[in-house]
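Shown next, in structure tokens, is the structure this report addresses.
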Amino acid sequence: MAHDLVIVANRLPVDRVTLPSGRTVWRKSPGGLVAAIEPVMRTHGGGVWIGWAGGTGQKLKPFQDEGLSLVPMAMSQDEIAGHYEGFSNATLWPLYHDVVAKPEFHREWWDEYVQVNQRFAEKAAEMAARKGTVWVHDYQLQLVPQMLRELRPDLRIGFYLHIPFPPAELFQQLPWRRQILEGLLGADLIGFQLPEAAGNFVRLVRQRVGHKTHRDLVYLPDGRTVRAAAFPISIDSAGFEELARSEHVVERAKELREALGNPRRIFLGIDRLDYTKGIYARLRAFSELMRDGHLDVEDAVFVQVAVPSREQVEQYRLLRDDIERLVGRINGDLGRIGRPAISYLHTSFPRDEMAALYRAADVMVVTPYRDGMNLVAKEYVACRVEDDGALVLSEFAGAADELKQAWLVNPYDINGMKAALLEAFAAEPKELARRMRAMRKTISQHDVRAWAASFMTELEDVVPHTKHPRPL
Ligand code: F6P
């Protein structure tokens, strides 16, 4: 069957998980992408979603999940190693995140990346109706737009990058920089989190590919025009707010505070266990405040949830060891019986437990070295229905552009972070309410539906294959 809307993402909204019993079940994939795309698919009378189902090898048939049509793509062991763990997560991920870790460049990884992108493009070409719309997502699939256009020039193609797009000085390290730029230019509309990222892209296209550009437009020699612009992503604000107000979440938040010994203040970090997130530095800053006598384990505890992620990639394994060693040392030095300084959990939680944690926490600490947006910061704000709680936020997270009333910090500056944590710890209720009210207004006005609608409206306005006049 042909579909008017096809979503192409590296992952499906559900993940195939094998239980210890050997039984396999489908589990909702974490992340904002799923919540963001679902409403778009529903308003388009049911599109189809193409993506990897996790795991290796097995060829799975298309199926329905809660009214969505899903098309699982199989990946071989070599493809997972080369495309997913290698080129996507050990080359592009660190390169696009300010080279926080050193990107590795391997020709075999690139070959797997090309091969997987080609297979995804072929599947999208097969599923899309004539003159239909295909929306491709994220850094794992940057070649798909051009590959798809070659197969199906009748389609309207959108691309959205969920992570940062780096400045030219970093991007040009990539041996395949031109292929990536040309791959993306297969789209009619390319969405980024921030205007700076869109600007980086357009500048690179002008310098490296030689196309004419004007503001956010790129003019291709075949007469097509490509637009590159910012569409900052958001969350289901009303959904989180409703959850945070629900009786079971309020009750659970109380239980969590009690389980932690009812300290005066609870600090909270929730991140995928990723070196871009700045977990190590933030825990050090907190522990130094305790060591210096500004905080005490009777007053404060830091709950750090580290969601397991990309565990086969070496940098992620090393990071886990580093963080767990640090937590052990801090608790060994500063904790007392029944009163750890840091309550550390290496796990993921369902949405209602997250909402309870957000409600229980007085200070939310989000300190990435670089982050496309960071939805955790927005979720915390949506859950603070009493206009209380403090957000300490890295100025290098995309969310800092909108959440200006947070305590903004430079995560490389440990003393600056210590000062902000202390200020947030001691802030008066009036000051907290002033800041939180403003941030809540921002989040409620700009939710994920508004994000998806603005991208889709722009994409639908594209008139494929018309010759646009070149700028004077
Ligand atoms: O937003 C970045 C991103 O890589 C998404 O594409 C992805 O769904 C999420 O983070 C989780 O990462 P992974 O799919 O590697 O587990």
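Remember, it's 1-based here, ligands and their atoms both numbered in the order they're listed. Predicted model only: the values in this text are computed from it and were never measured.
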**Q.** contact_flag His137 ligand 1 heavy-atom lt 4.0 Å
**A.** no

Q. Is the count of non-hydrogen atoms from other residues, nucleotides or ligands lying under 6.0 Å from Glu314 atom CD greater than 12?
A. no

**Q.** More than 12 heavy atoms of other groups within 6.0 Å of Glu242 CD
**A.** no

(Q) Could you tell me if Arg320 and His346 have a donor-acceptor pair between their side chains, going purely by distance under 3.5 Å? (A) yes

Q. Just by distance, with hydrogens left out, do Arg370 and Thr276 show a side-chain donor and acceptor under 3.5 Å apart?
A. no

Indicate yes or no: does an N/O atom of [X] lie under 3.5 Å from an N/O atom of ligand 1?
{"X": "Tyr84", "answer": "yes"}
{"X": "Asn10", "answer": "no"}
{"X": "Trp93", "answer": "no"}

Q) Going by the order shown, which atoms of ligand 1 are within less than 4.0 Å of some heavy atom of His162? A) 1 (O)

Q.
Closer than 4.0 Å to some heavy atom of Tyr139 - which atoms of ligand 1 meet that?
A. 4 (O)

(Q) I want to confirm something. Looking only at heavy atoms, which of Arg310, Gln193, Met373, Arg11 is nearest to atom 9 (C) of ligand 1? (A) Arg310

Q.
Is the terminal nitrogen or CZ of Arg310 (NZ for Lys, CZ for Arg) located under 6.0 angstrom from the six-membered ring centre of Trp93 and within 45° of that ring's axis?
A. yes

